[in-house]
There are 2 protein chains.
Amino acid sequence: MVNKELTLDTEEKILQAATKVFERDGYAGARMQVIADEAGMNKALLHYYFRSKEKLFSKIFLEKYNKFFSTLSILADQEMDFFEKIDKVIDSYMEMLIQNPEMPSMLINTITHHPELIQKLNTEGAQKMRIVLQSESEKGNIIAVESLQILTSVVGLCIMPFLAKPIAMHVFKLDMDFYQQVLLNRGPFVKKAVRAILKP
Amino acid sequence: MVNKELTLDTEEKILQAATKVFERDGYAGARMQVIADEAGMNKALLHYYFRSKEKLFSKIFLEKYNKFFSTLSILADQEMDFFEKIDKVIDSYMEMLIQNPEMPSMLINTITHHPELIQKLNTEGAQKMRIVLQSESEKGNIIAVESLQILTSVVGLCIMPFLAKPIAMHVFKLDMDFYQQVLLNRGPFVKKAVRAILKP
DNA sequence: TAAAATATTTACCAAATGGTTAAATTAAAT
DNA sequence: ATTTAATTTAACCATTTGGTAAATATTTTA
């Protein structure tokens, strides 16, 4: 590697372009040529830097999702009141979703098309969270129910309006501004909802 | 059309095979040849009966999802106690999901790859449900909040364990039997959760 | 039974696509 | 300045894929 700065720049351009295209079109729908156009360069360069479409996607996917899962891990380890912790989890979910509304659907698409990538996701953070829930349940601080039911509920409550956005906007004939407002109000609503659900 | 019975049979074989493949591989990942193999016939026959991959997918997709939405519509119209109605909605969701666990991810994939098909979904049933919620909210029987927040919550609570299945099984190292039990317990859990959320 | 209509198969094609190769260009090192 | 190494481009290729045309088989009709 000779010109480090320039190289990183090209690599970065590719990654950004590829992220955009993969998010918009999914893996199977994405075209290397389109990514190259988007990055303003030749298609062969993509292969020069990342060997294959598969490897390019894998890198982007794992980096993005493992980063999110690792914030979960950090939160789980922090010393704080249980409901405060739950609120923080919801906050971090919502923040990530507002910045990055396509993450859930990209994850779903990846389950369908690249199940092997799912195996490479960090499991630590979510596991810790499950243990926290089990412990609170045993102490009687929250309802006694399989912790998976709770975890999927929190995640589902957070991401659903993002997943359903195109359908909901069509079905209820809503405009973007209105829907954006619904999304921004989601965090506080979910916090209340989760408290209500968890009350023993 | 000469031999009605035989023709329907072939058509039905194609539709079943295509449904299976589209569900498993998504639209972009599905191959006409694979569908033909699955149906035990020649690829050209698919085009003879359905013209194109697009048309075949479109037919399957709309039939499947509009059927579900129309049961929503029927439920919304029925004269019954509000919470009983909500329970019935949850029951019909869960029943559909147990029979057809890939429906949510197929819908998400379609949003990504065929946004124009979303425009063709029946809107009636969901609209009626929204009005029911708004009315109950105004009467003070449930919390006062934008009805979309409630609708997305109910849907999200129902479908999340199905969407998350592959990830959850990996992250928490669960076996199929255990997860199936979680899914079967989901209905009652969601009913309780929704009641807790809606309590004014 | 003959021919007309319909259903199915075989063989093929054009376009698209991921990927490669080798040449050209640029930058770094000596 | 010349060599060496890294980067970029242009041209090309093999494969895959949706789709078609024409031949063949089957069923219906007259």
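Reminder, nothing fancy here: chain letters follow the sequence lines and each chain counts from 1.
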To the nearest Å, give me how far apart [atom1] ([X]) and [atom2] ([N]) are.
X	N	atom1	atom2	value
A/Lys53	D/dT15	NZ	P	19 Å
B/His47	D/dG18	NE2	C1'	5 Å
B/Asn42	D/dG18	CG	P	14 Å
A/Arg51	C/dG19	CZ	P	10 Å
B/Asp25	D/dT17	CG	C1'	14 Å
B/Gln33	C/dA11	CD	C1'	13 Å
A/Glu11	D/dT8	CD	P	11 Å
B/Met32	C/dA14	CE	P	20 Å

Which is true for A/Ala30 with a 4.0 Å heavy-atom rule: it touches a base, it touches only sugar-phosphate, or it touches nothing? sugar-phosphate
Of all the choices, [options], which nucleotide is nearest to the side chain of [X] once you look at every atom?
X	options	result
B/Lys43	D/dA21, D/dT9, D/dG19	D/dG19
B/Leu45	C/dG19, D/dG19, C/dT9	C/dT9
A/Tyr48	C/dT9, D/dT7, C/dT8	D/dT7

Quick check on the hydrophobic clustering: are A/Ile131 and A/Val155 connected, directly or via other members, by side-chain heavy-atom contacts under 4.5 Å? no
Quick check on [N]: is either OP1 or OP2 less than 4.0 Å from any side-chain nitrogen or oxygen of [X]?
X	N	result
A/Thr10	D/dT7	no
B/Arg31	D/dG18	yes
B/Tyr49	C/dT8	yes
B/Ser52	D/dG18	no

Below 4.0 angstrom, N of the basic side chain to O of the carboxylate: do B/Arg130 and B/Glu146 qualify? yes
Taking B/Lys20 first and then B/Asp25, would you say they form a salt bridge - that is, a charged N and a carboxylate O separated by under 4.0 Å? no
Is the terminal nitrogen or CZ of A/Lys53 (NZ for Lys, CZ for Arg) located under 6.0 angstrom from the six-membered ring centre of A/Tyr27 and within 45° of that ring's axis? yes
Angle class for the B/Phe22/B/Phe57 ring planes (parallel below 30°, perpendicular above 60°, tilted otherwise)? perpendicular
